[in-house]
Amino acid sequence: MKKYLILIFVALAAVFQSCDNNDDLWDAIDDLKSRVQALETQVDALNGNIEALQKLYGGATISKVETSDGKYVVTLTNGETIELVQGSEAEAVIPIVSINDKGEWQVSTDNGATFTSLGVKAVAEDGTTPRFRIDEATGYWQVSYDGGTSFENVKDTKGQPVKAIGSGTVTDKFFEEVKVDGGDLYIRLLGGEELRIPIVSDFFCRIVTPTEGVQTFDAGATKRFVVEIRGVEQVKLSAPEGWSARLTDAVDERAELIVTAPAAVTRATADTSKDVAIEAFAAGGLSTVPKIQVESTGTAPVAPTVAVTNSATVEPTQSALTFDVAPSANADGWKYLCLKSTEAAPDAARVLAEGTAGAGTGVTVRNLEANTAYTIYVVAYAGDLTSEVASVQNTTAAAPVTAETDYYQDYQDGKDIALGDLTINKTVYSEAQLLKPSELTAAIITAGGLIFVDNSDAADLSFTISGASINMGDIVLIGRYPERAQATISGPELRCKYNAAFKNLHIAASGNYNLFTTTNATYDPTLHVEDCTVDAAYNVVYDSHNTQNFKSVYFGNSIVKMTVANKPFYSTKAKDAHMQQLIRLDNNVFYAETPLQNYLINCGDRSQAFQTTRLQVEVTNNTIYNIYQPNIMIRAYVLAGLTVTKNVGYYTGVTAKNYLTGVYDTAGFTADKAEVTYNYLYTAPVSDTNFWSAKHTGSYTPANNQMGDGVEAPFSSMDAAKGYFPVDASVVKTGAGATYDTKAWFKAE
């Protein structure tokens with residue numbers, strides 16, 4: 001019609017204009033067309049706002065309102081989204097459309113000064129949606145009441161057609177105001193009408209379809225659609241004649257709409273209505289009606305097919321494989337299972353029950369093991385019909401070969417080696433020895449210095465010190481390769497005449513001896529042990545001198561096996577502990593194969609003779625397995641400070657009493673000096689509620705600890721012969737307990 005109007009306009013103009021003016025005529029026509037086309041955005045916004053207003057006036061309920069690029073994007077409770085556009089400046093006359101008090105559409109063409117009814121209902125079942133356009137041939141506004149089949153000119157109050165192209169600038173053409181006001185969407189039209197609609201976030205019912213538009217069914221086919229649902233108390237379903245629809249009960253705010261097409265299309269079932277609708281009601285009278293359109297092909301359903309191949313473009317990585325999936329056109333969707341190729345192949349029922357829903361024509365499966373063969377199994381479905389299981393195998397990439405850590409080479413290269421708070425390098429130790437275990441001697445240990453123990457030869461991993469004891473010099477012993485089996489030093493009592501440090505070694509008592517002791521009457525040594533495996537018969541660390549003691553003791557990232565009852569990991573004989581400053585145990589495993597009564601740390605009792613007033617005790621992130629104490633596990637007369645946090649304990653079959661930690665001098669040790677938090681103890685039976693108290697009197701009871709009835713075993717597995725107790729993070733959620741991934745030498749197999 002536009003083309004005919006343009007041709008008539010041109011023909012008439014040709015009668016009255018000379019040939020010399022033809023170019024001016026066509027320029028004028030082109031200018032009009034270009035100016036009309038420039039207003040297409042405003043026209044689209046006008047029609048969109050009309051459709052949105054009709055839905056909102058018609059009783060639609062809102063679940064969410066968002067703003068984006070000057071638009072209000074409104075999500076209805078039935079899942080539809082509509083947009084309200086405030087408008088923008090334009091040199092044009094833009095109709096202002098609103099709804100009058102009779103429920104009729106009304107229009108103003110003088111920027112809201114006067115309104116004229118269009119004479120058609122805006123809401124109710126006979127409501128009409130007017131659609132506006134600008135005639136390119138004339139530049140007049142036109143309106144259609146039949147969905148765009150026919151149009152007529154918009155008339156002003158004098159009955160004259162309204163030109164779209166004007167000389168003035170019109171602003172804010174559509175609404176006086178749109179805003180979210182509290183829990184409502186508030187709209188004020190330019191005609192003065194107000195609309196306030198509650199935003200109900202706890203009520204919605206929306207149908208999720210795999211594709212947009214009409215959902216096509218074969219004859220007798222059944223399809224399932226996810227329905228997201230919340231706050232719905234009652235539903236009513238409707239479907240075209242011959243179709244069936246039912247809604248399952250909602251689980252976790254998701255239900256299924258199950259729709260079945262007629263077995264064959266007849267005159268009776270060829271219903272012009274295509275809507276399958278759910279009328280959902282909530283408390284307070286709210287309702288919403290999500291719907292889908294359905295259509296039957298009338299042909300018998302055919303089972304879908306699917307093919308799967310390794311991706312032609314994406315290479316395997318160490319942890320991911322990518323596959324191309326080709327479902328047939330009649331498939332509603334597909335699911336997949338990716339299993340190690342050594343596992344039994346699943347049938348279609350298992351893939352559909354346990355598999356993951358795929359999307360599109362490909363999938364990347366992640367979090368796989370490196371250098372491992374996997375098979376993906378894919379099943380397509382269309383209603384109740386399923387394909388055969390399609391499968392293909394692929395192998396993840398191997399992990400790259402990395403250079404092995406070599407502490408001796410690091411030292412030679414001038415790098416630092418950390419050992420607790422010590423730094424080992426050429427600046428601190430200008431010389432170092434590299435010795436095989438068989439080359440070590442008692443004389444070398446006595447002389448001291450920096451010694452790297454070469455553990456490269458699996459046949460040469462042991463050195464035994466003869467005798468009952470050995471006085472060590474100022475010594476640092478480091479196993480060369482942390483990823484290999486550790487060299488073992490077996491021997492009697494290792495007397496720390498001076499400072500001693502050990503890293504990446506297996507240290508074992510060859511008899512019933514205390515392992516590390518003090519012996520120098522004039523020197524308080526330090527002891528550092530890190531990344532080691534320790535087998536102790538008696539005390540692991542013992543201040544055996546009456547007047548001297550270890551100035552500081554650090555055990556970190558090690559595994560310590562204890563075998564004799566009442567022989568603590570640490571114990572002191574020195575009552576005048578004037579130099580004692582720190583005992584720090586971090587990320588260790590202390591264990592016994594069967595329940596063993598023992599202290600962990602015993603640095604004094606209720607006697608005032610044990611004056612550990614300068615001593616800070618820190619026990620953090622350790623695992624303590626099968627070691628229990630029916631009195632106090634960590635005790636002292638007095639301390640400068642006490643930190644016991646994020647430790648995991650386990651024992652059963654024995655009764656724990658009184659306290660985990662106990663300090664007797666309640667006057668000299670105030671509550672602010674203690675932190676006993678986020679520890680986890682699994683024990684049965686449970687007999688004492690004061691277990692976590694830091695003081696012997698029980699007057700300080702920290703929070704955030706767990707023990708006894710109601711807790712679960714904290715380990716995913718337990719190997720008491722090897723000392724392997726990995727913490728189950730789904731049970732112990734605070735990160736407590738020792739970790740094994742930091743213990744490079746340890747192999748769980």
Side-chain angles (χ1 to χ4, degrees), residues 404-408 417 419-420 424 433-442 444-445 450-466 469-470 472 475-496 500-517 527-541 553-564 569 585-593 622-623 625 719-725 738-749:
E404 184 178 17
T405 301
D406 181 344
Y407 288 136
Y408 179 70
I417 302 170
L419 205 172
I424 311 300
Q433 298 181 75
L434 175 62
L435 301 173
K436 294 180 180 180
S438 58
E439 295 173 338
L440 287 169
T441 64
I444 291 173
I445 301 297
L450 174 58
I451 301 170
F452 289 91
V453 182
D454 190 351
N455 57 328
S456 60
D457 185 356
D460 184 5
L461 288 177
S462 180
F463 166 61
T464 300
I465 303 172
S466 60
S469 64
I470 183 172
M472 297 188 297
I475 193 168
V476 177
L477 281 166
I478 300 177
R480 180 176 183 179
Y481 297 105
E483 286 84 12
R484 304 192 190 188
Q486 293 178 329
T488 300
I489 297 179
S490 300
E493 181 178 317
L494 300 176
R495 294 183 174 179
C496 300
F502 299 79
K503 185 178 180 72
N504 189 37
L505 294 166
H506 179 198
I507 308 168
S510 58
N512 293 330
Y513 307 109
N514 299 312
L515 193 53
F516 300 102
T517 65
L527 174 63
H528 288 72
V529 178
E530 187 175 78
D531 301 336
C532 288
T533 308
V534 177
D535 295 329
Y538 282 7
N539 299 290
V540 178
V541 183
V553 174
Y554 162 71
F555 255 74
N557 205 44
S558 297
I559 300 177
V560 181
K561 181 179 180 180
M562 303 173 72
T563 57
V564 180
F569 167 80
L585 311 180
D586 181 66
N587 199 41
N588 302 289
V589 178
F590 301 96
Y591 79 102
E593 292 190 13
N622 299 284
T623 293
Y625 180 90
D719 185 348
K722 193 171 181 60
Y724 185 54
F725 317 105
T739 58
Y740 285 83
D741 55 359
T742 59
K743 299 169 174 51
W745 79 94
F746 185 87
K747 306 299 179 186
E749 304 83 46

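The residues of the chain are indexed from 1 along the displayed sequence. Below, all heavy atoms of this structure are taken into account, side chains as well, without hydrogens, waters or symmetry copies.
- When each of D454, L434, I478 is paired with Y408, the side-chain contact (heavy atoms from CB on, under 4.5 Å) condition holds for L434 and for no other.
- In this structure, F746 CZ and E483 CD are separated by 15.5 Å, a value rounded to the nearest 0.5 Å.
- Side-chain contact, D531 with N504: no donor N or O sits under 3.5 Å from an acceptor N or O.
- With rounding to the nearest 0.5 angstrom, the CG atom of L527 is 9.5 Å from the CG atom of L494.
- Contact annotation: the side chain of I451 approaches that of L440 to within less than 4.5 Å [non-hydrogen atoms, C-beta and beyond].
- Two residues are said to be in side-chain contact when any heavy atoms from C-beta on lie closer than 4.5 Å; F502 and E530 fail this criterion.
- Between Y407 and F452, the ring center distance fails the sub-6.0 Å criterion.
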Under the side-chain contact (heavy atoms from CB on, under 4.5 Å) rule, what do S469 and Y513 come out as? Steps first, then yes or no, please.
CA-CA 9 Å; S469 64; Y513 307 109; over 6 Å; no
For K503 and H528, run side-chain contact (heavy atoms from CB on, under 4.5 Å): C-alpha distance rounded to whole Å, both residues' side-chain angles, the deciding distance at 0.1 Å, then the answer.
CA-CA 8 Å; K503 185 178 180 72; H528 288 72; over 6 Å; no
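- Taking OG1 from T563 and CD from E593, the interatomic distance works out to 9.5 Å, rounded to the nearest 0.5 Å.
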Below 3.5 Å, can you tabulate the donor-acceptor pairs from side chains in residues 534-541 to any protein atom, sequence neighbours excluded?
from : atom 1 : to   : atom 2 : distance (Å)
D535 : OD2    : H506 : NE2    : 2.8
N539 : ND2    : N514 : OD1    : 2.9

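- Shown here for A487 and P437, the closest heavy-atom pair between the two residues is CB-CG, 3.8 Å.
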CA sep, side-chain torsions, deciding dist, call: L461, Q486, side-chain contact (heavy atoms from CB on, under 4.5 Å)
CA-CA 7 Å; L461 288 177; Q486 293 178 329; over 6 Å; no
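- Expressed to the nearest 0.5 Å, how far NZ of K747 lies from CZ of R484 amounts to 11.5 Å.
- Here the OG1 atom belonging to T517 is positioned 3.5 Å from the CD atom belonging to E493, to the nearest 0.5 angstrom.
- Closest of all the heavy-atom pairs between A720 and Y625 is CB-CE2, 4.0 Å.
- Shown here for L419 and A501, the closest heavy-atom pair between the two residues is CD1-CB, 3.8 Å.
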Using the side-chain contact (heavy atoms from CB on, under 4.5 Å) rule, take V589 and Y740 through it: C-alpha gap first, then chi angles, then the decisive distance, then the call.
CA-CA 9 Å; V589 178; Y740 285 83; 3.5 Å; yes
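- Side-chain atoms of N622 come within 3.5 Å of backbone atoms of L585 as a donor-acceptor pair (strictly under, hydrogens ignored).
- Across every non-hydrogen atom of M472 and A500, the tightest pair is CE-CB, 4.0 Å.
- Two rings, from F555 and F590, have their centers 6.0 Å or more apart.
- The only option from V453, I444, L477 that meets the side-chain contact (heavy atoms from CB on, under 4.5 Å) definition with L435 turns out to be I444.
- Exactly one of D586, N588, T742, T739 qualifies for a side chain to side chain donor-acceptor pair (under 3.5 Å) with N557. That residue is T742.
- Put simply, the side chain of D406 reaches to within 4.5 Å of the side chain of Y481, judged on heavy atoms.
- Taking CD1 of I465 as the start and CD1 of I470 as the end, the distance is 4.5 Å to the nearest 0.5 Å.
- Contact record, A592 with M562: CB-O, 3.4 Å, taken as the closest heavy-atom pair.
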